[in-house]
Amino acid sequence: MVSRVIPVEPFDLVVFGGTGDLAQRKIIPGLYRRFWAGQIPADSNIIGAARSELDDAGFQDLARAAIAEFVAKDKHDKKVIEAFLARLSYVAIDAKGKGGWDALKAKMRDGVVKAFYFSVAPSLFGDLAERLHAHKIADANSRIVVEKPFGRDLESARALNAVLAKHFDEAQIYRIDHYLGKETVQNLMAVRFANILFEPLWKSEYIDHVQITVAETVSVDGRGAYYDKSGAMRDMVQNHMMQLLCLIAMEPPYHFDPDAVRDEKLKVIRALDPVKPEDIVRGQYLAGNEQGGYVEHSEDPTSKTESYIALKVNISNWRWKGTPFYLRTGKRLRARASEIAITFREPPHSIFDDAEGWRENVLVIRLQPNEGMNLMVMIKEPGPGGMRLTQVPLDMSFAEALGEEGADIPDAYERLIMDVIRGNQTLFMRGDEVEAAWAWTDPIIQGWEKRGDKPKGYDAGSSGPEDALMLMHRDGRRWREIRE
Ligand code: NAP
């Protein structure tokens, strides 16, 4: 398969927070990879901005080190790296201060795409928007990119939307959820809407239930103070898992167009039922394997923040009534694995005697590791011995199926930044979508806070708290094994 890299228009991209972790680990290496692939025109400029007193060479040195550390060695081409670094410059700016704005303005060119990546704490979004406007650095065609967390509840999300809306139209605001930049996540839409195979079955009549799992092995050690104010519900469910649920559950949009797609996602969020307390299991990992437990990492021995959550979610609309979506995510679990599993119902009548051999059809979409799809189908067990049934996977690893190109799938950030430059908002969350997601999330969190619920302890390296198993057993179902 021939790789098709379509160059974007020349641009000036300002990365506020250019010296920070996200910029150095994801944004700069991602931009370099796109430059290396020939997607970024050579006359594009990337301007780092933060408070640290650095000159251009200092910022280029940081970027050189970031490329060395975070870009695969096969893309380390000295000439390309130097050509890329030559496009980088730096301005010292305090988002809350007065200095540096004129210097930034002087660097920005007319006639190219202007984008501003706010890779800073959300508390600075308002200051940046205000100053970009006041100094006439941004114009009606400029784009701004904002990072998660987009609020910690409906009220704060509304406040963030309001400060951005003061100076930018919704069509200029790109709210990043990097899950939407993952190849497999976009493939969910291709699988559903570019094949006749699945869509006729894509409803409660044929689908028994859906499981969405985002399992991590890492703890919150080192970022406990931040995580303790967030928890799994805010950190994972309200944004990433909600987006996955929407892409599975939404109606076909009339066109693959940003607002058509986002309108359909919004309808799903609005159709979500409130979640009953008995349909929620929260957990906290315990100490083990010579590592501290959650409370040691959070530094609050009484912390009730969940590092794990499992939920049963019902969608009240014609398509999904009667098909629960089970969501679970957690830290310090037995494996790093993210997947969506769609379990189909039994055939209406079995003509075979081997009832024991029968298993449900399951479509598994793996997000990580090894992006790909697996369709579990029933076949005859090979060999003599009568008509016995067995289940086999129709396995498609994207990397294998797509050959070299598959092995070189762009990272989510690379793809999303290129979409910003192209002016395509399809894979970015719209303001009303984010607010609707918080409007569903808030009462769930308020419910457990009011009841004073404590998370259940679970062993590090396990599949989560025992009670989460019951959430499924009770309904005569079981979780899929968490494994890489
Ligand atoms: P970080 O490592 O703490 O970096 C923050 C950046 O902001 C630094 O470059 C810092 O540089 C700059 N900064 C701080 N105060 C400033 C001010 N008043 N004016 C101008 N620049 C200022 O944080 P990060 O991890 O990169 O995260 C950045 C944003 O992305 C946050 O909103 C975070 O929630 C979000 N995010 C991060 C990740 C990740 O993997 N890191 C993932 C998802 C979302 P100076 O100190 O030199 O000013």
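In each ligand, atom 1 is the first atom listed, and ligand 1 is the first ligand listed. Positions are given from 1, in the same order as the sequence printed here.
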Which atom pair, heavy atoms only, marks the closest approach of [X] to [Y]?
X      : Y      : value
Glu371 : Leu367 : CG-O, 3.3 Å
Ser307 : Tyr294 : CB-CD1, 3.9 Å
His76  : Val71  : NE2-O, 2.8 Å
Phe84  : Ile28  : CZ-O, 3.9 Å

I want to know if ligand 1 touches [X] in the polar sense, i.e. an N/O pair below 3.5 angstrom.
X      : result
Ala23  : no
Asp94  : yes
Arg51  : yes
Gly20  : yes
Leu124 : no
Gly17  : yes

Can you name the atoms of ligand 1, numbered from 1 with element, that are less than 4.0 Å from a heavy atom of [X]?
X      : answer
Ala95  : 17 (C), 18 (N), 19 (N), 20 (C)
Pro149 : 34 (O)
Pro122 : 32 (O)

Exercise. For atom 18 (N) of ligand 1, decide whether some protein heavy-atom distance is shorter than 4.0 Å.
Key: yes
Any ion pair linking [Y] and [X] (charged N to carboxylate O, less than 4.0 Å)?
X      : Y      : answer
Asp259 : Arg430 : yes
Lys105 : Asp102 : no
Asp235 : Lys148 : yes

Distance to 0.1 Å, residue and atom name: give those for the protein heavy atom nearest to [atom].
atom                    : result
atom 41 (N) of ligand 1 : Asp21 OD2, 2.7 Å
atom 26 (O) of ligand 1 : Leu22 N, 2.8 Å
atom 21 (N) of ligand 1 : Ala50 CA, 3.7 Å
atom 47 (O) of ligand 1 : Ser52 OG, 2.4 Å
atom 28 (C) of ligand 1 : Ser119 O, 3.3 Å
atom 35 (C) of ligand 1 : Lys148 O, 3.3 Å

Using only heavy-atom distances, determine whether the side chains of [X] and [Y] contain a donor-acceptor pair under 3.5 Å.
X      : Y      : answer
Thr426 : Asn424 : yes
Glu435 : Asn161 : yes
His297 : Tyr227 : no

Ligand 1 versus [X]: contacting region, heavy-atom distance under 4.0 Å:
X      : answer
Asp127 : neither
Ala121 : backbone
Arg25  : side chain
Glu147 : side chain

Quiz item: How about Arg192: does its CZ atom have over 12 heavy atoms from other parts shown lying under 6.0 Å from it?
Solution: yes
Practice problem: Would you indicate whether Lys107, at its atom NZ, is surrounded by more than 12 heavy atoms from other residues, nucleotides or ligands within a distance under 6.0 Å? | Solution: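 Yes, NZ of Lys107 has more than 12 neighbouring heavy atoms, counting only those of other groups under 6.0 Å.
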Quiz item: Please walk me through it: do Glu170 and Gln425 pass side-chain hydrogen bond (donor to acceptor under 3.5 Å, both in side chains)?
Solution: CA-CA 10 Å; Glu170 184 61 36; Gln425 287 184 303; 5.2 Å; no
Quiz item: Can you tell which of Ile46, Val14, Ile176 makes a side chain to side chain contact (heavy atoms under 4.5 Å, CB included) with Tyr117?
Solution: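 Going through Ile46, Val14, Ile176 one by one, the side chain to side chain contact (heavy atoms under 4.5 Å, CB included) with Tyr117 is satisfied by Ile176 alone.
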Self-check item: Options Ile176, Val146, Thr19, ranked by nearest heavy atom to atom 11 (O) of ligand 1, top entry
Solution: Thr19
Quiz prompt | The one among Val120, Ile93, Val15 that brings a heavy atom closest to atom 20 (C) of ligand 1 | solution =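 Of the listed residues, Ile93 has the closest heavy atom.
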Quiz prompt | Test item, Gln24 contacting ligand 1 (heavy atom, 4.0 angstrom) | solution = no
